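See below for the structure under consideration.
Just so it is clear, the structure is predicted and the values come from calculations on it, not from any experiment.
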Amino acid sequence: MKGEAGNKLHDEKPKQEGHIWGSMRKTAFILGSGLLLLVAFWNSVTWHLQRFWGASGYFWQAQWERLLSTFEGREWLLFVLGATQVPSLCFWGFNGLLLVVDTTGKPSFISRYRIQVGKNEPVDPVKLHQSIRTVLFNQFTISLPIVVIFYFVLKLWGDPCRRELPTFHWFLLELAIFTLIEEIMFYYSHRLLHHPAFYKKIHKKHHEWTAPIGVISLYAHPIEHVVSNMLPVIVGPMLMSSHLSSITMWFSLALIVTTISHCGYHLPFLPSPEFHDYHHLKFNQCYGVLGVLDHLHGTDTVFKQTKAYERHVLLLGFTPLSESIPDPPKKME
């Protein structure tokens, strides 16, 4: 029996590694194609925007300089608005659409992509309202003051509202560094919050949702919101002394990504939320964002033995993966 089990594990390992590399190749192809298209159309889009708004020279630089003159002497206010309100609009705009599906089950062509079938159909309104109140508290009572402090810290070794915008290539480099720092800080802070000394008093609040929805990505105890939600995202721009434009883009992207990770729907052409959804379901697997540190620390071994792992790919068609790769039937007790 031991020999058979050993052979089985030996056979499964190459399959798992092949699955990882296959997923990475697909993701790299999609991101690479998107980046090439963006670069190809960048000048064309900018030219049309210049004509539409009547700006001269470099469109984005001209718009930025216009903002600077409007907020001259009040750059701190420009920073706070750019680093909080723009990302918040992205967050609530995206989550507003998801909440329609969560509360009504319509349109059905979206709800059919639900990961945990039978859960949140529809979502509990009392639980939802309580969660939204907590999210708003975290955003306005905790995030807002921290962003103000963040501005004055950045001013110590640079000017986040300096006149010259960063180049597109520099922003891509920043984005890579921000992502790496976030992965490291979120993974270890998240695992720390799962320690018995912290879980019950702090992190359990977030895990009240075993089947998550998008808006609860920021539903957390205030300590968790600072340590695990904000610091991993802020430290990168602080170390890089980043421009407000980079910070605004990064914060907005981070909120969109965490919303997708919690949304509960494996939608076509969007990153797979199966990884973090499984964490909410089982609690002791899949702690990170990208899954790199989970792979290194072996905190995804159970996940890799599930159908959810097979579904953890970029969906390039319109057939829900819950239909093409269904869970095995539950054993009768």
Side-chain angles (χ1 to χ4, degrees), residues 1-30 112-120 183-184 186-196 199 203-204 206-213 216-217 228 257-258 260-268 270-317 319-333:
M1 292 295 290
K2 284 185 178 179
E4 289 179 8
N7 289 334
K8 187 176 180 182
L9 286 172
H10 186 269
D11 291 341
E12 284 179 355
K13 190 173 180 182
K15 290 179 183 177
Q16 290 176 358
E17 291 178 351
H19 185 84
I20 292 168
W21 286 111
S23 299
M24 289 176 68
R25 282 197 297 269
K26 285 182 182 177
T27 303
F29 174 76
I30 296 295
R112 66 196 288 253
Y113 293 100
R114 189 182 301 279
I115 295 171
Q116 296 189 41
V117 179
K119 303 284 185 70
N120 297 326
E183 172 71 6
I184 294 169
F186 180 77
Y187 178 85
Y188 291 112
S189 65
H190 190 188
R191 279 200 74 175
L192 181 65
L193 289 171
H194 273 265
H195 188 279
Y199 181 80
H203 192 48
K204 188 177 180 180
H206 185 68
H207 274 284
E208 290 170 6
W209 291 81
T210 55
I213 60 173
I216 68 105
S217 52
S228 209
V257 169
T258 192
I260 292 172
S261 296
H262 287 86
C263 73
Y265 303 99
H266 194 149
L267 298 169
L270 289 181
S272 166
E274 300 278 353
F275 189 77
H276 195 71
D277 196 276
Y278 190 81
H279 173 75
H280 274 262
L281 183 65
K282 298 297 182 183
F283 290 39
N284 61 353
Q285 291 279 296
C286 310
Y287 295 98
V289 178
L290 302 175
V292 176
L293 289 173
D294 284 281
H295 181 70
L296 292 175
H297 288 288
T299 48
D300 59 356
T301 51
V302 176
F303 173 65
K304 286 177 178 176
Q305 297 168 18
T306 66
K307 289 292 183 181
Y309 175 67
E310 293 181 35
R311 294 192 292 264
H312 186 46
V313 293
L314 188 67
L315 178 56
L316 298 177
T319 301
L321 286 170
S322 58
E323 294 178 9
S324 57
I325 311 174
D327 286 322
K330 292 183 179 179
K331 294 180 181 179
M332 298 296 291
E333 299 256 342

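How far OG1 of T306 is from CD1 of I325: 10.5 Å, rounded to the nearest 0.5 Å. Residue E183 holds its CD atom at 4.0 Å from CG of L290, rounded to the nearest 0.5 Å. The NE2 atom of H194 lies 10.0 Å from the OG atom of S189; values are rounded to the nearest 0.5 Å. We find the CD1-CG distance between I213 and D277 to be 12.0 Å, quoted to the nearest 0.5 Å.
Remark: side-chain polar atoms of E323 are not paired, donor with acceptor, to backbone N or O of R112 under 3.5 angstrom. A distance-only check finds no donor-acceptor pair linking the side chain of R311 to the backbone of S322 [under 3.5 Å].
For the ring-ring contact (aromatic ring centres under 6.0 Å, His included) test with H279, the passing option among F186, Y287, W209 is Y287; the others fail.
With sequence neighbours excluded, no residue forms a side-chain hydrogen bond (donor to acceptor under 3.5 Å, both in side chains) with Y113. A search for side-chain hydrogen bond (donor to acceptor under 3.5 Å, both in side chains) contacts involving H266 returns E274, not counting sequence neighbours. The side-chain hydrogen bond (donor to acceptor under 3.5 Å, both in side chains) search around S272 returns H312, not counting sequence neighbours. I184 pairs by the side-chain contact (heavy atoms from CB on, under 4.5 Å) definition with L180, Y188, L293, not counting sequence neighbours. Every residue meeting the side-chain hydrogen bond (donor to acceptor under 3.5 Å, both in side chains) condition with Y187, not counting sequence neighbours, appears here in chain and number order: R191, T299.
Residue pairs that meet the salt bridge (charged side-chain N to carboxylate O under 4.0 Å, His left out) test with at least one member in residues 286-302, sequence neighbours left out, are D300-K304.
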List the steps and the verdict of side chain to side chain contact (heavy atoms under 4.5 Å, CB included) for I115 and Y278. CA-CA 10 Å; I115 295 171; Y278 190 81; over 6 Å; no
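The aromatic rings of H280 and H207 are tilted relative to each other, their planes meeting at an angle between 30° and 60°. Taking the six-membered ring where the residue is Trp, H276 and H206 present tilted rings, their angle falling between 30° and 60°.
By the 4.5 Å heavy-atom criterion applied to side chains, V313 and L321 are counted as neighbours. Within the 4.5 Å cutoff, side-chain heavy atoms of R114 are placed close to those of N120. Contact check for P212 versus Q116: side-chain heavy atoms found under the 4.5 Å cut-off. Side-chain atoms of H203 and H190, non-hydrogen and from C-beta on, do get closer than 4.5 Å to each other.
P268 and G317 get closest at one heavy-atom pair: CB-O, 3.4 Å. What you find for G291 and F275 is that their closest heavy atoms are CA-CZ, 3.6 Å.
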